[in-house]
Structure formats: structure tokens, C-alpha cells
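Okay, structure first, notes after.
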Amino acid sequence: MTGRDTTWGGAGSRLVGREADVRPLRAFVDRAVSTGGALVLTGEAGVGKTALLESASHHAAETGARVLKAAGAEFEADLSYAGLNQLLYPLLDDIDRLAAAHRQALTVALGLSGGSPPEPLTLSRAVLDLLHRAAGERGLLIVVDDLPWMDRASSVTLASVAHRLAGSRIAFLAALRSGEEGFFDRTGIDEYEVDPLDDGASAALLTDRFPALAATVRQRVVGEAQGNPLALLELPASLTGPQRTAQTRLPSLLPLSRRLQNVFVARIAGLPAPTRRLLLAAVLDGTGDLGVLGSVAVGHLSTNLAPAERAQLVQLDRDEDRMLFRHPLTRSAVVQLSTSEERRETHRWLADHYQDQPGRRAWHLVEAVVKPDPEVASIVEGVADATLQRGDAVGAVTALLRAVEVSPPGRERSRRTAEAAYLGANITGDLHRVTQLLDEIRRSDPGRAVSLAAAVAASSLLLNGDGDIDTAHRLLVSALEMESDIDLAEERNLVEALHTLLLVCLFGGRPELYAPFDAALSRLGSRTPELLWITSKTLADPARTALEALDRLDAMLPGLENEANPSRIVRIGIACAYIDRLVSCRAALRRVVDSGRAGGAVASAIEALFLLGNDGFFAGEWDRTLAAIEEGLKLCDDHGYRVLTWPGVFLRGLIHAARGRTDVASSLADEMTGWATPRGVALVQCYAAHVRALAAFGEGDVEAAYQYAAAVSPAGVLAPHNAHAMWLVLDLTEAAARTNRHREAAAHAAAARQAGIAAISPRLALLVSAAEAVAAPAGRDVELFEEALSVPGTRWPFDLARVHLIYGERLRRIKATRESRRHLTQALETFRQLGAEPWVERASAELRATGLAIPSGRATHLAVLTPQQQQIARLAAQGMTNKQIGARLALSPRTVATHLYQLFPKLGVTSRAGLRDALTELSAKEIGEPSRKDE
């Protein structure tokens, strides 16, 4: 906590030794209340940050600006929007003047009304609107002390406000201890470091406040305090009169922390009992609201608080109706001096006071109980549920763990512990804590170790560790079979378990894995939640079942605008992934990412980043996609989410494959295969095959492309329960046709058309129609290509450009040169924009073949290659694979791939497709003969 000192004594007092700090702070206030701005004070505990905040507040008030204050409190750190409530308390009467949307957002956040949880951006704008009104023509200074102890929800909102003050009449000034981190995003906000006082200023402060202090004692205190104003002021107070005047020797040691704590304890212990009772209530309440203290006080409130004011332990802000502690250590000392019964009694008083605020009441009830209390546990669990619905998964876990604390041993305690473990594993990113919670269940209630929530958490740990698909599947299925009679408390856990089991089946990729899932869904019958049913249709086997769910999914998507639960947003995104509806989820997924960045649901943020990357790849936003992927992969590494890594690695591999970075793409595919194969994760093996197929196309190795695409789904069928097979329809068909497997090409295109996947989305319609055109005989293909290109496909530039390229190649071969150039040019422009160099080379080569002069940028002499590279280039130009070249030259296929990657730019080509022409031209120049181009 940030240490407060008393170098500011109120209106008219001066700050000794702080003139160099006061001037820039006042200049900031003067400037910011006219043009807007934010500043954060940092420094060690007790260095004087609070005093400088008070000085700035006093200056602002003197110049006519309005001042609003709030301070973070340890006891409120887990209470959503407590800090915002404290700050905006004086403005509550003005909320009714706001626009309806802003009024609704604020009243819900502040607990003044019910309703859907506010969207963060709407809430920030509502707060800004309210503050603009409060600023008026006078200007407004917002002062926030102890920023790290501000609750997360308030911190995120205040950070958003602080970043949007330019051009306003609002100044934002806050303080935190150096090195402390909270949920307030300081990125881009100026910081001002408050340094300790120098020896001269320290001595001057002591002389000003303790004029009778002997010179030798003053010197000793200056040396011990080392410029910390709080210590300078409090250490002399701990000395006896004779010690201060040097009539008695000082103790040999004056430990700073212990002495300061002792000072506060001693000063509080001498207060009357009613005063100590009020101070304890203020500490445990955390709001400083004099109205709350008045309901606890025995007798007159001012009379009871007067002794604490005289002792300079607290100060009263009559304008704001609040009491503030002058230093946080005062609060610690108050609690230390109280008995456990006094604390419980105070919490009971406060719980009674907050009957209309369930969140605050629940916290106080937990602290008030002596032994486990099932009723209180149930109340706190209700708060956890409400917190989760508001989108605060971290707060929900905190509340659940508090409910566990007061739950009697048995089924309910184990269930709540398991649910906290589940949330930690699948949403908040605290896998280490999950292990501890599951261990607690095993020790205290072995029978519940296979409960639904525990099974979900344990399966997540397995897949993120060294576990395999089959073990995770058995764990979940066993738990489902044991819960044949589901009560209301467990039904939510049943749904969570089924969502998890569905993903385990998806990653496993084997049809037989789905049987227990289908059976459980059948038992649920009409009780099956809408989203679970939809996802089962669009994810498990979408080529056969997605169509029946599209209308219901499309009807659900508009509701994402008001959805706050990050887990639900991500699940809707997952339901949309294979059927090309992620564009409708973008805004909601970005909110999940923003929440994760602010300390919210980390696992959900990772999944949201990769879902956005999925949409970004097909939309051609490759650079932005790579940035999102890198952020997601870093979060996976930081939090141990190994299983969540692979969709990001897959997308990264696709982009590098498409851009001709075959070495990187191959390395990523090797990484995926190495992890997935021993664990039976077939989906990740499909990811690797897809990346390899695209890389092989780029290298002109269509035989390899066919083999990799066929590994995902054999030609002529769309493999059951393999959603990924839909994405490779065109790849497999084109590779089959180009390797003279015309029967297989026609069979695969026909299978895709018969499955009806063209009706799922325009992109899949494009792929299916293009596949039919590729497989069609001459004459019929032109009509089918035109049909394919008539499908709206502007959101999928890479897919569309590939179709233009294939069509242009066909047209060139039938001598339709003019039309061929039009399609090839369109493909070339798109590939260039995407940076898809192998495809640029392929399109350029085709355009050159039509007679257009397309610069190749090739080398002019074979000497640019090493002798070994020349050998590899000639063999590759002959059509040999990396494996065949390696066998001929006693090299590994990976070494061959590395040499090819190095020699391509030397020759001015980006794939095998350009090698033959480049080598022919260079050989002709070597012996002085004309090249084919010259002829």
C-alpha cells in the first residue's frame, strides 16, 4: 500500500522540502483542468505522495475547480466497482440527467438498479459524460490514492477514462507505490516519481514539526529515516520526552517498520472504546462513508471521531461526507488491536447495513461467521454467479473460494471447490491454483474427485500437461456416467462438462469418441441449452449437420452486442469458426481480449485472439492476424496453456506457408505433429497437414500437396466428424487434378456438392464451385468457374485469388488470352497485397506465358549459388521432391528445404515453379546462347 504522511496539514499548511514537486503538480492541475490530462505519482511508501495529492487538491479548489476523491482499500479490492462508487458518490443526483444508455450503464455498475451488465466502453463513456457535466466551466480534478488497491472493475473503467481526457476540462491525478502493479493501465500516461527528501529538507521538516528535538537526536532520526517523510514524522513521536531532548540515550536500533507499527498501535490504544469501534468499522467497511459509520456509532458520530482527529489519525471531508485515514498503517494497527469477536460483531453490523447490496453483505457475512455456515456459503455463491454473469470471471473465482471457506465439509464444499478449479482452468488462467484445489478435493472428499466440475478442471490440466486425448475423454465420460441423476446445482456443471467433452472429441477427431457425448445430449433432451445444441451441430460434423443449426445460430448472433460473459462469447465464436460467421463475433471477441489484457479471463482472451486470427486469415488481414497470434501464444506460454497453443501455431503456419516461408511453416508443422501424435490429437495433426499442403503448393510440389490434403480426408469423401475436411476441398481437388488423378478430383468435388456444404457459407460455396470447375472436363469448366466467381467472396481474398489464378491458367491453355490476363492480373494483385510470394511467382509466370512482360527480378549468373545449391536447384527443377533430392545427395530433407529457401531469392524466384525457367536462362547466359525468352 502507498504510505501516507502528514507533511500536508490541511488548508494553508506548507510542504517542507517539496517546493520542486509542488510547482510541476500545480502546473499540471492548471493545464489539465483547462485542456484535460492524466498524471500518476509514484514513489516508495511514506514518501509523501498523499501529501502532494492533498496539496494539488487544495490548489485546484483555490483556483475554482471542483475536486472528486477516491482511495483504494484492501478490504474492497475484490468488490466490483467499489472505487467507482466512492468517486462518483457526490454526483449520484446528476446521473438522471444522462442519456438513457449511459444512465442505465452507470446505475447497474453502481448497484443502483438491476439490468444487463454494462459494456465496458459504454460504461466508460457514461462516466466521462457524468464527469464532463461535473466539470462544467470550472474544471474538475479527480484524485485517486492507493491506486493498486482499487478494485479491478473500477481500475479498468478509470484507466479508460484517464486515456480519453484530451480536450476536456478534467484532470486525473493518482498515486501508487513504485513497483506496485494493479489493474490500472498506465500505458501512455505520464508518471511523476516522488523522491525521498534530501538531508537538508529532512532536517528542516523535523525542525518545523519538532522544534524541541535535540540536534543529535535530529541527526539520528534523519539518518534512520533516509528521507522518508512518514518515518521523519512518526519516529520522534515514539520517543519519550527525555529521549527527544537527548537527556536519555536513544535505543541502539530504531527498526523503521517495527517502530512505525508500534507508533500507530500506541496512538490507537489510547483512544476511547467508542472511537476505536468506529475506526474498526471504517477499516472493515472500506468506504469511509460517514453515513455508514453513523449507523454503527453509539452516541454522536462527531463526538466519537473527535479523539481520532486530534491524534491526527484520520481527517474528515465534510463536503464529501467521508472519513479518511492519514496512513494505511493506521488501518492495520486498528485491526491488530481488535479482538476476533469485535471484528465479527462489526462485520455483522455492516452486513445488516448492506441488506440492499448483496455483494457487500456477502463479504461481511463471511467474515462474521465463527464456523462453517451453509446459508452464508449459499449467499456468497449467489454473488459468485452474479459476478460471473457480469463478465468478471476473476471476481467469480474469488467469491466461490470465499464460499468454500464457510462451507461445511461434504458435497457442497467439494462442488464449489471444483467449480472454482474449473473456472481457474478454463477461464481465468490460474492453472497452478487449479492443481491445489483438486488436491484439496482428493484429500477431503475422494468421492467428489471425479465430479463434473473437477473432471473438467482435471481434463484441462491433463491436456495442458503430458496427458492424452483418451485419458481426458475417459475422465469426463466417467464423471458423466456417475452423475446420472443431475440436480439443479449440478446441471450447470453438466453443461460445462459437455462443452468440454465436445472439444475433447473435436481434438481427438475419431467418430467413436462422440458416442458418450451424443448419449448425454439425448438424455438432456429438451433441457439441452441452445448454444450447446448449436455447437454440437456446427463443430462435431458440420459437413453433415451444420445446415440444421444455421438459422438458430444466426438468430443468436445479434445478442452478442449485449453479452458480457467471456466464456459464452468464446463458445459462440467456436460455434461460428468452421462455418464462416466469425465476422459477426469480432466486436464481442475484442471485448474479451480487452478484458483479458486488464487482468480478466485469460484463457477466454487466448481463445478470442485465435478466433479473431481465424477470421483475419480468411479476410486477408495477415499482418494483424500474426500480431494477434503472437499475443495469444505469449499468454499461452505465460500461463501454461499448452493445448490452447495449437490453433495459433496453425494459423501462423498457414500464413508463413502462403508467403513462401517454407522453412518456418515446416518447422511449425513438425512442432504440431511432434506434440499431437503421441497424445492422439488428430485435429492438430490435421492442422499440420493443412500447413504442409499449402507450403507444397507454394513450392510447386503438387504430389506432396495431394498426399497431405488426402491425409486430412481421403479423396471422394468428407471424413466424418472432421470439420477441417471442408477447408481443404479445393486443395485436394486441385492437387488431384494436377497429378492426373482426374477420377479422384471429380469424386471429391462431387462429394462436397452432395454434402451440401456450399449452403453453409459463401466461402464454402466458392470452394465447392471452384473444385467442381477444376474437376470438370474442358468446355464445362469455364461455365463452372464463372459460377464460382459469381459467389460473393470479397471477404476471402486469398481463396478468391486462387480461383482467379486457376481459372486464368485454364483460359490461357485454351488460348483465351485476353480473358486469361484479366483473371491472372486480378490474382497477381491480390497475392502481392498479401505478400504471398510463391503465388505471386506462379501468377507472374502465367502472365508472362500470355506474352505480358512481367519483371522476374532474377539473378544474372549461376555463380550466385554454391555448387551444392546448384545441384539441389537442378534436381528440384526436374521435379524431384526434397526427400528424393536428399537421398541422391546424402542430405536430410530438412537440409534440402533450407538450401531451397536460401537459393530462391538468389535466383529471383519464390517457388519450385520458377526454377526451371530461371536455370535455363542463366545457363544460356553462361555459354553465350540466347534464352527461350530471347528467342
Side-chain angles (χ1 to χ4, degrees), residues 1-10 13-28 39-59 71 143 145-148 173-180 190-239 243-244 246 250-264 267 312-313 325-330 332-333:
M1 289 175 279
T2 305
R4 297 194 175 113
D5 64 58
T6 54
T7 53
W8 172 258
S13 297
R14 68 190 185 93
L15 286 168
V16 177
R18 289 299 185 194
E19 294 80 8
D21 298 306
V22 169
R23 283 195 299 272
L25 289 183
R26 289 184 175 182
F28 162 78
L39 182 68
V40 174
L41 304 187
T42 62
E44 66 181 27
V47 79
K49 299 182 292 298
T50 298
L52 288 170
L53 291 180
E54 290 292 341
S55 174
S57 300
H58 181 66
H59 174 71
V143 177
D145 205 353
D146 284 342
L147 195 55
L173 188 59
L176 54 82
R177 184 194 294 184
S178 297
E180 280 190 323
D190 290 338
E191 295 186 10
Y192 185 91
E193 179 75 19
V194 181
D195 296 320
L197 299 175
D198 60 28
D199 285 354
S202 296
L205 177 59
L206 285 173
T207 300
D208 181 72
R209 297 300 178 88
F210 302 96
L213 205 62
T216 56
V217 176
R218 184 182 306 115
Q219 184 178 356
R220 172 71 184 279
V221 171
V222 168
E224 293 281 346
Q226 297 192 2
N228 186 289
L230 179 65
L232 288 167
L233 293 170
E234 299 299 345
L235 282 173
S238 68
L239 303 177
Q243 287 174 332
R244 293 178 191 171
L250 294 175
S252 58
L253 294 174
L254 297 174
L256 185 63
S257 59
R258 180 177 297 178
R259 288 296 183 181
L260 287 171
Q261 184 73 11
N262 287 342
V263 166
F264 288 116
R267 291 164 66 186
Q312 295 192 340
L313 294 170
F325 286 98
R326 291 184 175 272
H327 190 276
L329 286 179
T330 306
S332 301

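Being a predicted model, the structure only gives us computed values, none of them experimental.
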Handout entry: Residues forming a side chain to side chain donor-acceptor pair (under 3.5 Å) with Thr42, sequence neighbours excluded
Key =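 Applying side chain to side chain donor-acceptor pair (under 3.5 Å) to Thr42 gives Glu193.
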Contact between [X] and [Y] at the side-chain level, heavy atoms closer than 4.5 Å - yes or no?
{"X": "Tyr192", "Y": "Val194", "value": "yes"}
{"X": "Leu52", "Y": "Val22", "value": "yes"}
{"X": "Arg209", "Y": "Pro236", "value": "no"}
{"X": "Leu41", "Y": "Leu25", "value": "yes"}

Exercise for the section: With sequence neighbours excluded, tell me which residues meet side chain to side chain contact (heavy atoms under 4.5 Å, CB included) with Gln219. Expected result: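 Result, side chain to side chain contact (heavy atoms under 4.5 Å, CB included) vs Gln219: none returned.
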Problem - Polar side-chain atom of Lys49 near backbone of Gly43 as donor-acceptor pair, under 3.5 Å - result: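 Checking the backbone N and O of Gly43 against the side chain of Lys49, a donor-acceptor pair under 3.5 Å is found.
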Practice task
Please check if the side chain of Ser55 supplies one atom and the backbone of Ala51 the other of a donor-acceptor pair under 3.5 Å.
Solution key: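 Answer holds: no.
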Of all heavy-atom pairs between [X] and [Y], which one has the smallest distance, and what is that distance?
{"X": "Pro148", "Y": "Leu176", "value": "CD-CB, 3.4 Å"}
{"X": "Ala203", "Y": "Arg218", "value": "O-CD, 3.8 Å"}
{"X": "Gly17", "Y": "Leu197", "value": "O-CD2, 3.6 Å"}

Practice task
Not counting sequence neighbours, which residues clear salt bridge (Lys or Arg N to Asp or Glu O under 4.0 Å) with Glu191? List them please.
Solution key: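 Salt bridge (Lys or Arg N to Asp or Glu O under 4.0 Å) check on Glu191 returns Arg186.
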Problem - Rounded distance (nearest 0.5 Å) linking atom CG of Leu173 with atom CG of Leu53 - result: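 Between atom CG of Leu173 and atom CG of Leu53 there are 5.0 Å.
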Practice task
Supply the atom-to-atom distance Leu232 CG to Asp208 CG, rounded to the nearest 0.5 angstrom.
Solution key: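 One finds 12.0 Å between CG of Leu232 and CG of Asp208.
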